[in-house]
Amino acid sequence: MANDYELSNNGNPICPDDLISLSHLHEPAVVECLQNRYEDDQIYTATGPVLLALNPFQNIRGLYGESTMKRYWEKSESQSKETLPPHVYAIADEAFRSMMRSLEQSLGGSDKTSCDQSILVSGESGSGKTVTTKFVMKYLAALSQRAGSQTKEKQAQVLQSNPILESFGNARTMRNDNSSRFGKFIEIQFTRTGRLVGAQIDTYLLEKVRLVTQSIGERNYHIFYEMLSGSMGAEELRNYFIASTASPDDFKMTASGTYDRRDGVSDKDTCRALKAAMKTMKFSTEEQSDVFAAVAAILHSSNLTFCDLDEYCSLDAHNVHLEPVCHLLGVTAEGLNQALCHFSISAGNDTQVQQNLEIDKAEKGLEALLKATYGALFTYLVTRINDSICYSPDQNESLDENGERPHSKDAPSASIGVLDIFGFESFKTNSFEQLCINYCNEALQQQFNAFVLKNEQAEYEREGIEWSFIEFPENQDVIDLIDKRGSGILCILDDQCRAPGTSDRSFALDVYNKCKNQTRFSANRKQTAVLQFCVNHYAGPVEYTTNGFVEKNRDELPKEATELLQNSFNPFIRLLSTIMKNSSAERNSSSNSASFGRTTVGGQFRRQLKLLREKIDIMSPHYVRCLKPNDELVADHYDRAAVAEQLRCGGILEAVRVARAGYSNHYSHDEFLRRYRCLATPEINRKSFSRNTCGTTSESARVGVQIGKTKVFLRHKAFESLERLRSQEQSRAAVKINSIFRMFLSRVAYVHVRTAVRKSMLDLHAFQNDEWKESKEDNPDDAHLLEFFNRLNKMRHSFNGESFSLVEVWAGQMRESIHNPKPRSEWGNYSPSKPFTWMLVDGLWTKNHDDDLHEC
Ligand SMILES: Nc1ncnc2c1ncn2[C@@H]1O[C@H](COP(=O)(O)OP(=O)(O)O)[C@@H](O)[C@H]1O
Ligand SMILES: [Mg+2]
């Protein structure tokens with residue numbers, strides 16, 4: 001594989017900064033290049049419009065920090081030609097500069113949306129998305145500082161949203177010790193002069209099932225362990241009915257047996273960071289203790305137990321956690337018992353009949369209460385953070401004559417949105433969450449395709465080249481399969497959730513019935529037997545197991561429990577219950593718009609995703625795909641198969657294919673001429689390039705070459721052909737250069753020998769004529785003289801044609817190499833390399849012995 005790659009990319013640097021510069025961009029080549037760069041601590045690589053970022057799982061010296069940031073912004077500010085390696089800072093810088101350029105252009109205009117940028121970070125869990133997002137945010141905050149931001153408070157608050165969201169929304173999983181269990185889109189707001197004045201965070205699909213079950217080796221949300229880490233004093237813990245000696249082992253929801261983090265980060269430290277962040281965000285002491293009390297209520301609730309009494313059940317009154325739960329939730333024990341162990345059905349005439357619940361239903365109700373309370377707490381925190389960090393106009397500012405606030409110089413004019421969202425997932429068992437996540441990735445991939453081609457086609461228009469719409473891999477059919485009204489899988493699920501007496505089985509059967517003819521859907525006998533189905537996503541087929549779909553999509557809190565919390569003595573719990581009510585009201589209201597389901601998680605997610613897409617569509621996107629080099633989460637280990645799989649799932653090669661479906665290679669006229677001049681006829685070769693001298697002919701357009709006003713556009717096939725021809729021409733030229741060089745060497749050798757011999761012959765004549773006779777008479781036994789005499793004799797014979805002349809051989813070699821150059825591979829048995837070496841050595845010998853000869 002490596003050899004193929006090396007051969008096919010012969011002549012290219014092995015690890016280019018941009019993989020697009022490899023003329024043969026196939027999977028093994030990309031994997032190999034990334035490996036070479038990774039081993040050289042170059043974790044960032046550009047691939048056309050996408051930045052690839054390999055997670056190093058270690059701190060690389062000098063890769064981040066103030067001085068590195070400085071290099072990137074200084075390069076942009078001084079417009080220097082220095083090339084810096086690809087970096088996440090470069091992406092953030094480009095987004096910021098694009099925003100500023102658009103703001104300058106739009107000065108005076110009312111169109112603001114076109115200035116907005118987005119940085120879309122994706123990748124599988126543990127690949128480094130959240131860390132990347134943080135680097136982007138830090139870089140943007142630093143640029144804002146340079147733009148003359150007076151107050152650092154807003155920037156600090158925006159950055160400090162991370163520790164709060166991480167404590168409540170991150171958990172240790174098998175794939176990442178600090179895995180974000182939600183999607184996040186943060187819009188950072190800037191003024192016209194580039195000052196950061198606020199931010200707004202949207203979150204998506206918090207994983208609630210983790211609150212009640214965790215897989216082996218995984219933990220619940222960090223906040224629970226942080227509260228039990230010993231970072232909080234005994235007195236503070238007493239307020240939450242937690243003993244200072246309590247450990248995660250003491251609570252059902254944290255007693256999974258996994259208590260630490262493999263990355264060595266301590267819960268004590270993150271607890272301190274959380275408190276500091278809350279302080280920066282200006283949470284009052286009461287607000288902080290309300291939040292921690294709600295967490296403690298959830299911890300204690302997980303330990304509640306029920307007594308099974310023949311036909312009904314009740315809360316175990318002797319359970320020591322009952323009183324703390326009641327106290328922290330602001331409810332009575334009877335009220336809680338009533339809400340969890342009974343339900344009422346209406347019997348007409350506004351009368352309600354109380355029914356008892358069986359123990360397993362009551363336990364499910366408790367789990368639902370726990371999940372709903374935590375979900376509401378998370379929503380509260382996101383809203384509270386937004387209240388702090390979002391730009392709000394100064395209320396003291398005077399209104400204009402129309403009663404409107406004039407556009408303040410501090411008002412945001414544009415924003416940069418940073419998306420940190422779950423990448424495509426395909427596990428052994430895939431459930432409802434994976435369907436939502438993969439649906440989201442399909443939507444983002446479609447948006448990516450449209451962006452790449454939209455931009456391309458705008459350029460074609462500007463350049464005035466002929467083009468027709470380019471075919472590109474469409475995934476609308478997969479999106480339809482999932483969300484189309486009536487026949488989409490999520491819509492079928494919503495219908496099932498609304499109807500009484502439905503189950504995962506009835507859902508699966510309905511899906512088989514309604515989707516069987518769709519090309520992207522399949523379910524063989526083996527799969528239908530266990531209620532599974534397969535969706536053929538853009539990144540590959542994924543098998544989904546319908547078990548749990550209906551319950552997860554409903555995510556309902558029993559009416560009784562909602563009412564209980566609404567009547568709590570504790571105002572904060574009442575606030576949380578309002579959030580729960582609002583979120584279900586929000587889901588209910590969306591059903592009025594007919595396209596979304598009622599009170600379902602899937603319906604809400606579809607609505608959120610639609611809003612996200614609408615936002616991203618009007619922003620100029622920048623893409624970062626994070627890659628995880630190994631599943632062991634260790635440094636210096638590159639698993640080629642794992643990386644290849646992620647490139648496939650991340651749609652990297654697909655993206656490149658899309659980019660190449662159009663005119664994938666653009667050159668300015670000069671660049672084009674410089675590169676392919678060698679293929680031109682001598683007349684064209686001498687001309688400078690212009691559209692008029694070289695207009696596009698229908699023939700060139702047919703083969704995939706178009707000449708625009710300033711650029712030449714090549715389809716990938718045409719590019720490959722030109723590259724091939726260029727490579728052949730280069731080989732021919734190499735042979736020519738080689739032969740001319742050999743000729744040069746031969747000539748040097750020849751000229752030396754000839755000069756030496758001529759001189760020697762002259763000397764010889766002179767010598768023979770007079771001195772020789774005398775010397776011989778004087779020193780008849782001189783050994784030196786004898787040897788010299790012999791050599792001269794040999795040489796004379798050679799020139800007289802008595803033996804094969806050396807000079808003849810050299811002349812033959814020269815003639816051969818000049819008039820009949822051959823590539824080295826064809827030299828065969830008559831390889832001139834031997835005489836070539838011999839000539840060289842002999843030539844050198846002659847040269848070095850010039851003096852000897854001349855002395856004769
Ligand atoms: N650029 C980086 N440099 C050093 N370590 C990193 C880098 N990116 C990620 N990591 C390590 O990988 C872990 C997982 O990264 P994270 O951003 O949480 O992944 P994701 O959000 O994709 O699930 C981090 O906790 C950190 O230890
Ligand atoms: Mg994350």
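We're numbering straight along the sequence, starting at 1. We use all heavy atoms of the structure for the numbers below, so side chains are in, but hydrogens, waters and symmetry mates are not. Read the numbers this way: they start at 1 and go in the same order the structure lists the ligands and their atoms.
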Here the atoms of ligand 1 under 4.0 Å from any heavy atom belonging to N178 are 18 (O)
Just checking, is any N or O donor in the side chain of E94 or H622 under 3.5 Å from an acceptor N or O on the other one? no
Is it true that the NZ or CZ of R219 lies under 6.0 Å from the centre of Y259's six-membered ring and within 45 degrees of the ring axis? no
If you measure every N/O of F135 against every N/O of ligand 1, is any gap under 3.5 Å? no
Are D41 and R61 close enough for a salt bridge, meaning some N to O gap below 4.0 Å? no
Nearest to atom 26 (C) of ligand 1, what protein heavy atom do you find, and at what distance? V131 CG2, 4.2 Å
Would you mind checking if E226 and K268 are paired as a salt bridge, meaning a charged N to carboxylate O distance below 4.0 Å? no
I'd like to know: is the Mg ion (ligand 2) within the 2.8 Å range of an N/O/S atom from S125, strictly under that distance? no
In R262, R210, R261, the residue satisfying salt bridge (Lys or Arg N to Asp or Glu O under 4.0 Å) with E218 is R210
If the contact criterion is a heavy-atom separation under 4.0 Å, does Q58 count as touching ligand 1? yes
Quick one: are I416 and F190 in side-chain contact, heavy atoms under 4.5 Å? yes
Report yes if some N/O of K129 lies less than 3.5 Å from some N/O of ligand 1; otherwise report no. yes
Side chain or backbone, does S179 bring an N or O within less than 3.5 Å of an N or O on ligand 1? no
Any protein heavy atom under 4.0 Å from atom 20 (P) of ligand 1? yes
Salt bridge E614-K610, side-chain N to carboxylate O under 4.0 Å: yes
Are any of the heavy atoms in G123 under 4.0 Å away from ligand 1? no
Does an N or O anywhere in N55 fall below 3.5 Å from an N or O of ligand 1? yes
Can you see whether N630 engages Y638 through a side-chain donor-acceptor pair at a distance of less than 3.5 angstrom? no
Nearest protein heavy atom with distance in Å, relative to atom 14 (C) of ligand 1: N176 OD1, 3.4 Å
Given the Mg ion (ligand 2) as the apex, I'd like the angle to OG of S180 and OG1 of T130, rounded to 10 degrees. 90°
Tell me yes or no: between the side chains of R613 and Q446, is some donor less than 3.5 Å from an acceptor? yes
R71 and E66 ion-paired at < 4.0 Å: no
Tell me the protein heavy atom at minimum distance from atom 1 (N) of ligand 1, and give that distance in Å. Y64 OH, 2.8 Å
Determine, using heavy atoms of P56 and all atoms of ligand 1, whether some pair is separated by less than 4.0 Å. yes
Less than 4.0 Å is my threshold; does some heavy atom of E124 fall inside it relative to ligand 1? yes
Would one find an N, O or S atom of N178, in either backbone or side chain, under 2.8 Å from the Mg ion (ligand 2)? no
The protein heavy atom nearest to atom 15 (O) of ligand 1 is G128 CA, 3.6 Å
Using heavy atoms and a threshold below 4.0 Å, how should the contact between T130 and ligand 1 be classified: side chain, backbone, both, or neither? both
Suppose I only count heavy atoms of F57 and a 4.0 Å limit; which atoms of ligand 1 are within that range? 12 (O)
Using non-hydrogen atoms of the residue, decide whether G126 is closer than 4.0 angstrom to ligand 1. yes
Under 6.0 Å from the ring centre and within 45 degrees of the ring axis: does the NZ or CZ of R181 meet both conditions for the six-membered ring of Y221? no
Does a side-chain N-to-carboxylate-O contact under 4.0 Å join R272 and D269? yes
